[in-house]
Amino acid sequence: MRIYLSIKALLILILLLPTVGRAAVEINILGVTPMLPLYETVGDTARLNCEMTFENNRFPLELVSWKVRAFYTGHAPVDFPGTPEDFWYNVRIRSLNNGFKDITPYWAGFFENGVYNQGAWKIPKRTRVLFYLPYTDYPLSDLPLSLTVYVKVRDTILHEERELIFPIRPRLHSTDLLYIFPVGFDRFEPMAQSLDWFMGDHQPLLGDMHGSGHELYAAHRRVHKWWDGLDQPVLFNQRYAHDIAIRDASGNTHAPFPASGFKTVQSYYAWGKKVFAMAGGTVVHVVRDMGDNLIAGVITPDGGAGNRVIIQHPNGESSIYAHLQFGSIPVEIQEGAMVSQGQLLGKVGNSGNSSEPHLHFTLQNRPVYEEHDCFPIRFVNISIRRDGEPDFQPWTTSLPSGVTIRIN
């Protein structure tokens, strides 16, 4: 019996030898994105959209606890304890092996038809983890000067714990440039009274592909680019992007389709509507030669933004107008050309990665497609009505999901 126990102890020792002199928890903290996080003013609330990224390089991890500590100038810090659900609902996990595959559903869980399917609630080894900060809104009257996110994890082999610390120092976003809404500027292009511009609805806890706005679970909020093999945080290039279309009183974005049954783009109310420059600047990029997807739902592979115009504005910000109609971009819109606010850039189309005619537009920090981060847009000429509410109200920043838009 003693010989058997000695052999067993020796085997255990051999298994543990690789850990001698090394920490069981080996985590590479990649940091917070965006690099310069900001508060967006939404009414009397400041909204903070940011994420944390880290890599687990050794043993599988389990969550012990997490919290946000908010620091103020006028009073003591305040702790906001986080729940396990808030953590696992808001992580994305990529394997650093097997082609950088997304393995979130099995390990963290997933939503399907409004139901959450819990995963293993573990972070496997050799993975990169993206954690969306679920505590996004803070009152402007009591705004944290900075925040620190603490995430405590424990390895599942030796049960060693480690606390990951993510300092966040946001600034309150502001810009001197006043932007107009990029459609509806031409008074000679009226729409039927029953039609309205809108942004799609958003319902929380239905997964991450609902709504066109930038709420925590909205589609654009969760579009990101992983830097494969690079030691830096994730890039978000649609954080404050907008997808706008036109709907009728019944909520449809199209008139009845032809007798053939094909979802022809000409049946969509937004098809062919004029698109204008939100502010003056210099045209730095134009794509005009991509054909439209003429049947809704049939998408050009690798079409990206389709026909597009990118304008660099005097304040250093740039705007992109995407999925424009083939042949609609005026000949004078060339790279290097100067444009003025309200100048015609093209028409709403269905080119590129577009499932139906709509306008995708973004304000960004670099005049390039994809490799950029986004800013909220300060609108000066619109009012909005949230779905389910009776009245319009002035709106001066990025649009939330589920709103009807009136151009003043």
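Everything quoted here is computed from the prediction, not taken from an experiment.
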Next item on the list: May I ask you to decide whether Glu62 forms a salt bridge with Arg154, counting only side-chain N to carboxylate O separations under 4.0 Å?
Entry: yes
Next item on the list: Over 60° means perpendicular and under 30° means parallel, so classify the ring planes of His242 and Phe379, tilted if in between.
Entry: perpendicular
Note to self: Run the side chain to side chain donor-acceptor pair (under 3.5 Å) test on His173 and Thr41 for me, step by step, so that the C-alpha distance in whole Å, both residues' side-chain angles and the decisive distance to 0.1 Å come before the verdict.
What the structure shows: CA-CA 8 Å; His173 176 70; Thr41 303; over 6 Å; no
Note to self: I'd like to know if Arg247 pairs up with Asp387 as an ion pair, taking the criterion as any Lys NZ or Arg NE/NH1/NH2 lying under 4.0 Å from an Asp or Glu carboxylate oxygen.
What the structure shows: yes
Notebook entry, point to check: Under 3.5 Å, is there a donor-acceptor pair between the Arg94 and Thr104 side chains?
Noted result: no
Next item on the list: Any chance you could lay out the side chain to side chain donor-acceptor pair (under 3.5 Å) test for Asp44 and Ser141, step after step, and finish with the verdict?
Entry: CA-CA 8 Å; Asp44 58 359; Ser141 58; over 6 Å; no
Check: Does the separation of the ring centres of Phe181 and Phe276 fall below 6.0 angstrom?
Finding: no
Item checked: Over all atoms of both residues, closest heavy-atom pair of Asn381 and Ile180 -> OD1-CA, 3.5 Å
Note to self: Let's go through Tyr240 and Glu40 carefully: what are the C-alpha distance in whole Å and the side-chain angles of both, what is the deciding distance for side chain to side chain contact (heavy atoms under 4.5 Å, CB included) to 0.1 Å, and is it a yes or a no?
What the structure shows: CA-CA 10 Å; Tyr240 296 104; Glu40 176 194 11; 3.3 Å; yes
Item checked: Intermediate values then yes/no, side chain to side chain donor-acceptor pair (under 3.5 Å), Asp243 and His360 -> CA-CA 5 Å; Asp243 277 347; His360 173 105; 3.0 Å; yes
Next item on the list: Scan side-chain atoms only and decide if Asp248 and Tyr269 contain a donor-acceptor pair under the 3.5 Å cut-off.
Entry: yes
Notebook entry, point to check: Between Val283, Thr282, Ile320, Val287, which is the residue that forms a side-chain contact (heavy atoms from CB on, under 4.5 Å) with Ile310?
Noted result: Ile320
Notebook entry, point to check: Should Leu133 and Val68 be marked as a side chain to side chain contact (heavy atoms under 4.5 Å, CB included) after you check the CA-CA gap, both sets of side-chain angles, and the distance that decides it?
Noted result: CA-CA 9 Å; Leu133 180 66; Val68 176; 3.9 Å; yes
Check: Is the number of heavy atoms from other residues, nucleotides or ligands under 6.0 Å of Phe262 CZ greater than 12?
Finding: no
Next item on the list: List the steps, then state whether side chain to side chain contact (heavy atoms under 4.5 Å, CB included) holds for Glu356 with Thr253.
Entry: CA-CA 9 Å; Glu356 70 174 73; Thr253 58; 2.9 Å; yes
Checklist line | Pi-cation contact, Tyr39 with Arg47 (under 6.0 Å, within 45°) | finding: no
Margin query: Looking at Tyr179, I'd like to know if the NZ or CZ of Arg378 sits under 6.0 Å from its six-membered ring centre while staying within 45 degrees of the ring's axis.
Written below: no
Checklist line | Between His323 and His358, ring centroids under 6.0 Å | finding: yes
Item checked: NZ or CZ of Lys125 within 45° of Phe59 ring axis and under 6.0 Å -> no
Next item on the list: With the side chain counted from C-beta on, respond yes when Ser383 and Asn408 share a heavy-atom pair under 4.5 Å apart, and no when they do not.
Entry: yes
Notebook entry, point to check: Do the two ring centres, one from Tyr321 and one from Phe361, sit under 6.0 Å apart?
Noted result: no
Notebook entry, point to check: Looking at Arg162 and Glu26, does any basic side-chain N land under 4.0 Å from a carboxylate oxygen?
Noted result: no
Checklist line | Passing option when Asp373 is tested against Arg366, Arg239, Gln238 for side-chain hydrogen bond (donor to acceptor under 3.5 Å, both in side chains) | finding: Arg239
Checklist line | Closest non-hydrogen atom pair between Ile103 and Pro124, with its separation | finding: CD1-CG, 3.8 Å
Note to self: Which residue is it: Phe80, Trp88, Phe131? I am looking for the one with a ring pair (Phe, Tyr, Trp, His ring centres under 6.0 Å) to Trp66.
What the structure shows: Phe131
